[in-house]
Amino acid sequence: MAFWQQLYFGWRAFRSPPLLQDYYQRLGPLFSMPLAEVPLVAVDMEMTGLNPLTDQIISVGLVPIFQQRLQLGDAEHRLVGISGSVGQSAVIHGIVDRHLEQQVLDQQSLLRWILQQTQGKLMIFHHAPLDLAFLSMLAQRTVNHPLQFPVIDTLQIDRHRLLRDRHILPQGSLRLGACRKRYQLPVYAAHNALMDAIACGELFLAQTASIRPTVPISEFLWWP
Amino acid sequence: MDETELLPIRNFLAEIAPFNELSAELLEECCRNLSIGYYSKASVAVPLSSENPLLYIVRSGAFEVRNAEGELLDRLGAGDYFGFPSLMSGESISNKVLILEDGLVYHLSLPLFEKLRAGCRAFDRFFNRAYAKRLRHQESHQHHAEVITANRISSLVVMSPISVDHKTPVSDAAKLMRKNRVSSTLVMDNQKLVGILTDRDLRNRVLAEGLNGDVPVYQAMTAKPVTIDANALVFEAMLQMSQHNIHHLPVLDNGDPVGMVTSTDIIRSQSSQPILLIGEIERQQDVDSLIHVSKQIPILLQNLISADARAEEIGRILTSVTDALTRRLIQLHQALLGEPPVAFCWLAFGSQGRQDQMACSDQDNGLLLTHEPNAVENAYFDKLTHAVCAGLNDCGYVFCPGDIMAQNPMWRMSLEQWQQKFSDWVNAPEPKALMHASIFFDMRCVFGPENLFAALQDNVLADTRDNDIFLAALTGNALSETPPLGFFRQFVLERDGSEEKGIDLKHRGSVLINDIARVYALSAGLKEVNTAKRIRVLIAKGILNRKDGLNLADALEFIAHMRLANQGRQYENREQLSNYLKPEELSSLMRHQLRDAFKVVHDAQSALKLKFMRSF
């Protein structure tokens, strides 16, 4: 990580509320670690829609990756209580209002739970900007401060690869399923936050499988 | 987490053996505790750690297992495993797993693996068997045993046998029979079976002759009775009875009399289809109706397959039908042509000789005559053999493409000529002649005087026994084909790593085991020609060690069973019957078992080579 980036990150950590400050401090040392050793966690979230201002997170799935292996034993999946109905979004994620009656988390404890689960680990998303925008909005609402830190985005990794090879990128070629197909990963026919987090984690393993394990993880970081 | 969350992983595991045997709870727990890795071709080999042994379940990609010497042991695709030997033995890993194509692999930890084995017998058994490279399928064996004992002679013999000493007065013997309400008794002399005494003997040889009850039993008994082994099938006893026109058969177990079966016992026990069919064959009065009856053979085969009979027994049953057809054809044509001018044996070779015929067998036969026929006599046998071979062809046993048939004058010889022929093969074993000749070493007499046939067989076995040069040549012949390595995706994998689209279960499986058993049997001068029986005798005589012998017998049965099941499927789909199996027809469990069976055949070939080709 470049010096100015470190500086920027330190400054941001310093200015954050205590909850986030702690989180940022545990995150900092990870950026200089080699690929094979850094603790990672693949995350996927389902939302009621695509607008962070009006829509809400309804489920979160995450699976830790340790020494380049997905650990299903430590995977987590939580449904989140929302105000109002899931509405039309049920068509995509399959979660209907009935499921949320036994909700585990409310919106207030969601942030704390996510930070707890991912502390000391770098997050991996497929198409990070959307999930991060929702997370940041969640933080804004909960602790009155936005959330901003670098993550790994498997979509960006593939976009870079394809563009470097001078591919034109047809519509849909960077969707999770399409990316997985390029690495001969099996088709997982489920729209479930946990299964998608696993799918995303596997994709990252595939993307980095032929890369030297000593390469620093910073090579793969995506900055918001 | 609830049970639907890991559905894609769960569904995958639920389709592959032995995970398909796990209870829903165990499967769920298994899914929830996997770890997942991805292996890239760029890193060449999967890093295996002896300290942290894992079961590796291939989810995608392609891998190759090679031993320390670099020899290809297996090629693995989706649904295959590696790593389990060290998981089970705790020993360090000596094999290498090379990455042929990038792939996703699920890992199962040792504690979880142990838990699944403890929690599911089928799961445990699968890996035990895979580990020990053993095929013995305990459950299916037990299942078979139940089905089959009902068809065995031993199931009809319940009481301890009634027997009398040969010097006992017949009146005492009759009282004993009355007391036990039986129509016959065994007659013993010094612990040895010397005859049987039946109601009919008492009538014909005592009462009708005006003798009184003081006559000793040996004067009235039927001496040297035809006997049957306790392990024989019920229908084989029936065959014996109808062939010799008798109604009582002493039952022997390891040569000791253990009881008696009567035709009434058998009729009461069951009237199953093969017996009816053979009875019908024996009743036919002309060739055309015989051909008509033979149309039932494919239906009989189909019934036997669907009744899940053991392949070995199906082979014996079908061969008995062929034998009966052959005999009846000979009898009918003899009636037309008149008595033969010279006594002869009708010899069956190849699969009919070994009693392992299945669908679409061709005929391999020959004629053994007491002496060389003159021109007139030869004309008789020319007519007879042409008629019988044509009859067999019409009954569905097509003419031998290699022309090994009694109608070919080449294979119609006197005892002396046959002996010379065999002696030529044995003493000057040219590879090409041997390939041809291996058919002849599996010979059996289907019709004619047994002692004539025995003279030939004794002579041949005396020639082959411990004949190192001949046995080495025969071994070389037995090694000319190898079993395929296993299956890889939709292909059959060859030992050199190349791929075929299907597998010839006969020529790459059954035939190889027949070849192996034949070499051992001839080396020891065994009269037995049925491969399964040959193996049993070889084990009993200590020539094959018990474990290897049982493995080989299991492999034989399993491959033959696959052949039959495959033909049953082809028959149902109205396809041309063949010995050709497509890998996509196989379930995951079948794939693993067939792979193990081929491994056993491969090992047996290596052992054979070591034993008989050392000095060459």
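Residue numbering restarts at 1 for every chain, and letters A, B, ... go by the order of the sequence lines.
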Around atom [atom1] of [X], are there more than 12 heavy atoms from other residues, nucleotides or ligands closer than 6.0 Å?
X      : atom1 : result
A:R161 : CZ    : yes
A:R112 : CZ    : no
A:M137 : CE    : yes
A:Q171 : CD    : no
A:R175 : CZ    : no
A:L50  : CG    : no
B:Y580 : OH    : yes

What distance separates [X] [atom1] from [Y] [atom2], expressed to the nearest 0.5 Å?
X     : Y      : atom1 : atom2 : value
B:S43 : A:R212 : OG    : CZ    : 13.5 Å
A:Q67 : B:S35  : CD    : OG    : 10.5 Å
A:R69 : B:L54  : CZ    : CG    : 5.5 Å
B:S40 : A:L205 : OG    : CG    : 11.5 Å
B:I9  : A:Y188 : CD1   : OH    : 4.5 Å

Closest non-hydrogen atom pair between A:M195 and B:L6, with its separation: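 Taking A:M195 first and B:L6 second, the nearest heavy atoms are SD-CA, 3.9 Å.
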Please list, in residue-number order, every residue in residues 176-186 of chain A that has a heavy atom less than 4.5 Å from any heavy atom of chain B; write 'none' if there are none. A:Y183, A:Q184, A:L185, A:P186
List the residues meeting salt bridge (charged side-chain N to carboxylate O under 4.0 Å, His left out) with B:E64, not counting sequence neighbours, and say none if there are none.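 Residues passing salt bridge (charged side-chain N to carboxylate O under 4.0 Å, His left out) with B:E64: B:R66, B:R75.
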Within the structure provided, determine whether B:Y38 and A:T208 are in side-chain contact (heavy-atom separation under 4.5 Å).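 Side chain of B:Y38 against side chain of A:T208, heavy atoms only: no contact under 4.5 Å found.
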Pull out the residues in residues 99-111 of chain B that come under 4.5 Å of chain A, heavy atom to heavy atom, sorted by number. B:L104, B:Y106, B:H107
Counting heavy-atom pairs under 4.5 Å with chain B, which one of A:S210, A:A206, A:A209 comes out on top? A:A206
A:Q71/B:I36 under side-chain contact (heavy atoms from CB on, under 4.5 Å): CA gap, chis, key distance, verdict: CA-CA 7 Å; A:Q71 309 290 341; B:I36 304 177; over 6 Å; no
Quick test of your reading: applying salt bridge (Lys or Arg N to Asp or Glu O under 4.0 Å), list the pairs with at least one residue in residues 47-56 of chain B, sequence neighbours left out, ordered by first then second residue. none
Under 4.5 Å to a heavy atom of chain B? For A:I198 that would be side chain
Can you tell me which portion of A:Q68 sits under 4.5 Å from chain B's heavy atoms? Options are side chain, backbone, both or neither. backbone
